[in-house]
Amino acid sequence: MSKNTSPQSRSTSGPRSSARGRGRVKAASPSAARVAKTVGKETKARRATGPVTWRSRLRRMFFVVAVPNLVVFFSLAAIATATVLLTSSPSAWLPTAIAQSWMVTNLAPVAAADLTISALPILPALILGWMLAGNIHRAIKDKVSVNDLLALLGWVIAIPIVLIGVAWFMLWDASQVYDLSPPPLGNTIARALVLHLAALLIGMGPRLWRALAKRYKIPRDVVDGVVLAALSLLALLATAAVVLLVALAVNWKNQALIADSFPHLAGLGLFAVIGLSVLYLPNALVAVAGILLGSEFHIGDASVSLFSVHLVPLPPLPLLGAVPGSASPWAIGLLVLTAVAIGYVAAKKRPSFYQAAASGVAAGIIVLVSGYLTAGELGLYESVGLMVFMAAGLAVVWVGGIGLAVAAGMAIKARRDEAADVSVAAAAEATTEETESSESTEAAESSEIIDAGEADEASDDGAVDYIDGEFEEETSVANEDGSQGEAVSVGAMSEELIDNLEDGSFPDEVPGEDDIEDRIGTATHEPSDGDANNEPGVEDVDIDNAEQTAEEVLPDSDNGAQEAAENDTETSGVEHADDGHDGQQQSDEDDKTGKDTQ
């Protein structure tokens with residue numbers, strides 16, 4: 001029999017119909033196909049061999065950093081070209097417009113006609129940072145080495161500097177023709193580097209940062225504290241967005257007045273004013289968040305806070321119409337929103353004391369960087385933005401303080417839960433011990449009851465014997481006194497008789513063979529006629545009884561002794577004891593009759 005036809009080689013796990021249909025493959029659903037495709041791509045990316053030389057690393061990381069910057073740069077070039085064409089401006093302005101747009105995107109100051117604008121809208125910078133951070137994260141999320149990170153860091157620093165240098169040179173060249181001037185190079189490069197390095201830090205992600213912290217022996221609580229600080233500030237920004245929307249809705253009349261201040265606002269001018277307000281919207285969120293922390297926001301000599309409002313003529317921007325004319329008495333209650341937003345994140349994350357402390361420091365640093373990027377000059381308003389150091393200090397207090405409070409509360413709760421668990425465990429142990437002790441007590445009581453029952457049974461048996469003994473003694477006394485009838489000999493008397501039989505001391509005087517023959521001879525003399533007619537006398541009866549008794553007593557006595565030794569029952573002992581007693585009485589009567597006859 002071959003292996004193919006052997007019964008052992010055939011599969012019996014399923015029916016034959018299922019075995020026949022194995023060749024058919026069911027078509028996968030579209031969702032399953034997409035999942036399989038995604039998993040396959042991730043697996044390939046994970047198994048892909050990373051660059052092993054510095055040249056390959058530099059080439060790969062160059063495109064990781066350069067692509068987002070080039071995409072934004074060419075997008076700005078397209079927008080500038082469209083603006084020049086739509087406004088019928090000279091084409092010579094195009095290089096200057098592209099360079100100035102790149103400077104604004106990197107938050108570099110704009111200087112023209114003795115005016116400097118450094119409080120720039122941060123929305124274009126946020127778009128650039130988001131694109132750069134996303135591209136970095138996709139490049140290093142699966143596999144990365146320390147050398148890859150070093151190459152990436154080099155390009156993150158080099159590419160912005162090169163692009164800022166090119167734009168600055170273009171602006172310098174344009175300043176020879178137009179009334180403008182290039183911004184300070186040092187401040188421009190510093191802002192661009194802060195933006196790109198922030199994008200790098202965000203793009204690396206918490207998982208990579210935890211791995212690096214583990215590699216270089218840095219506590220993980222530091223990374224977790226930074227994540228907690230970022231989440232807390234995002235929650236604060238969400239709260240600030242709600243407050244800003246409410247303020248815009250309440251002060252809509254102020255916005256209408258600002259729009260009416262422009263005499264000829266239509267078409268492209270209206271679009272520019274609305275677009276400028278949208279570009280400054282993230283700046284307004286940062287300002288409201290700082291105010292909710294308790295800090296002050298300044299626009300020149302004007303100041304706005306929850307405690308007081310001091311206004312001067314503001315720039316004609318519709319977004320600034322949300323600023324109230326005075327501080328309401330209930331405005332200080334908005335601090336509750338800050339506590340709720342930060343406390344919600346802290347309660348959800350449940351930080352330790354080290355994480356809470358690290359989150360406070362990280363929050364202060366983040367607010368400091370945000371205030372630096374959003375603050376600056378705005379034409380005639382020399383100082384626009386938050387009081388940066390005050391806002392950073394308040395962020396440390398709010399985030400760190402609430403985090404520490406939550407950590408303390410969780411520690412107290414953990415101790416109480418631990419104490420409760422200990423008490424529950426002790427109660428359970430005590431209950432178990434009580435159960436075991438009760439079970440042992442019940443077992444002891446049941447054993448005592450059983451022993452007491454056996455003792456009662458034993459005492460009952462003894463009482464019966466004792467009563468039988470008294471009854472037997474009374475019966476024997478009655479027999480000795482000549483009471484009528486034969487009493488049944490049981491109990492103590494029977495035991496004495498059986499003992500005598502076993503010792504061989506009974507009967508003391510057994511008639512010998514000669515004596516029996518003499519007695520028989522004497523008893524067989526020929527009777528007289530008178531005697532023949534009369535009934536046999538007492539003596540003849542006694543002789544006959546003596547002969548019969550002599551024949552019965554000897555074997556009965558021996559049999560009684562043997563049966564008493566073999567059988568312990570009371571009935572047998574009583575019967576044989578009766579036989580022995582009757583034999584003793586009969587022997588006494590025979591002896592007396594023999595003497596009388598003689």
Side-chain angles (χ1 to χ4, degrees), residues 204-243 289 292-294 306 330 332-367 392-449:
M204 291 175 64
R207 189 179 70 173
L208 181 56
W209 280 112
R210 292 189 180 98
L212 291 174
K214 183 178 180 181
R215 178 183 178 90
Y216 294 104
K217 310 298 182 181
I218 299 174
R220 182 175 176 176
D221 291 337
V222 175
V223 180
D224 295 336
V226 175
V227 173
L228 177 60
L231 294 176
S232 300
L233 293 178
L234 287 176
L236 182 61
L237 285 176
T239 307
V242 175
V243 174
L292 290 177
L293 288 173
L306 296 177
W330 50 265
I332 193 174
L334 295 177
L335 294 174
V336 177
L337 299 178
T338 305
V340 170
I342 299 175
Y344 171 76
V345 176
K348 188 176 181 181
K349 291 297 181 180
R350 297 181 179 182
S352 63
F353 289 100
Y354 295 106
Q355 292 176 1
S359 67
V361 176
I365 295 173
I366 294 173
V367 171
L394 290 172
V396 173
V397 173
W398 276 106
V399 177
I402 292 178
L404 291 174
V406 172
M410 297 305 299
I412 293 173
K413 185 178 180 298
R415 290 182 181 179
R416 289 181 178 178
D417 293 342
E418 184 179 358
D421 294 339
V422 171
S423 62
V424 169
E429 186 177 358
T431 304
T432 305
E433 292 178 356
E434 290 178 359
T435 304
E436 293 177 355
S437 61
S438 61
E439 291 178 355
S440 61
T441 304
E442 291 177 358
E445 291 178 356
S446 61
S447 62
E448 291 178 358
I449 292 172

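Here the structure is a predicted model, which is why all the values come from computation and not from measurement.
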Polar side-chain atom of T239 near backbone of L337 as donor-acceptor pair, under 3.5 Å = no

At their closest point, which heavy atom of L292 faces which heavy atom of L306, and how far apart are they?
-> CA-CD1, 4.3 Å

Mark yes when over 12 heavy atoms from residues, nucleotides or ligands other than I332 sit less than 6.0 Å from its CD1; otherwise mark no.
-> no

Between the CD1 atom in I218 and the CH2 atom in W209, the distance rounded to the nearest 0.5 Å is 8.5 Å

How close do A235 and V345 get, heavy atom to heavy atom, and via which atoms?
-> CB-CG2, 3.7 Å

Is there a donor-acceptor pair closer than 3.5 Å between any side-chain N or O of W398 and the backbone N or O of L293?
-> yes

Rounded to the nearest 0.5 Å, what separation is found between the CD1 atom of I342 and the CG atom of L228?
-> 9.5 Å

Taking all atoms of both residues into account, what is the closest heavy-atom pair of L236 and A289, and its distance?
-> CD2-O, 4.0 Å

According to the salt bridge (charged side-chain N to carboxylate O under 4.0 Å, His left out) rule, which pairs have a member within residues 399-418, sequence neighbours left out?
-> K413-D417

Would you sort out whether V367 and L233 count as a side-chain contact (heavy atoms from CB on, under 4.5 Å), showing the intermediate values?
-> CA-CA 9 Å; V367 171; L233 293 178; 4.1 Å; yes

For the residue pair G225 and A358, what are the closest heavy atoms and their distance?
-> CA-CB, 4.0 Å

Report the residues that fulfil side chain to side chain donor-acceptor pair (under 3.5 Å) with R220, sequence neighbours left out, ordered by chain and then residue number.
-> none

For a quick test of your reading: what N or O donor-acceptor pairs under 3.5 Å do the side chains of residues 347-354 make, sequence neighbours left out?
unit_1: S352; atom_1: OG; unit_2: Q355; atom_2: N; d: 3.4

Work out which heavy atom in A357 is nearest to a heavy atom in L404; give both atom names and the distance.
-> N-CD2, 4.2 Å

Quick one: closest heavy-atom pair of A363 and A229, and the distance?
-> N-CB, 3.6 Å

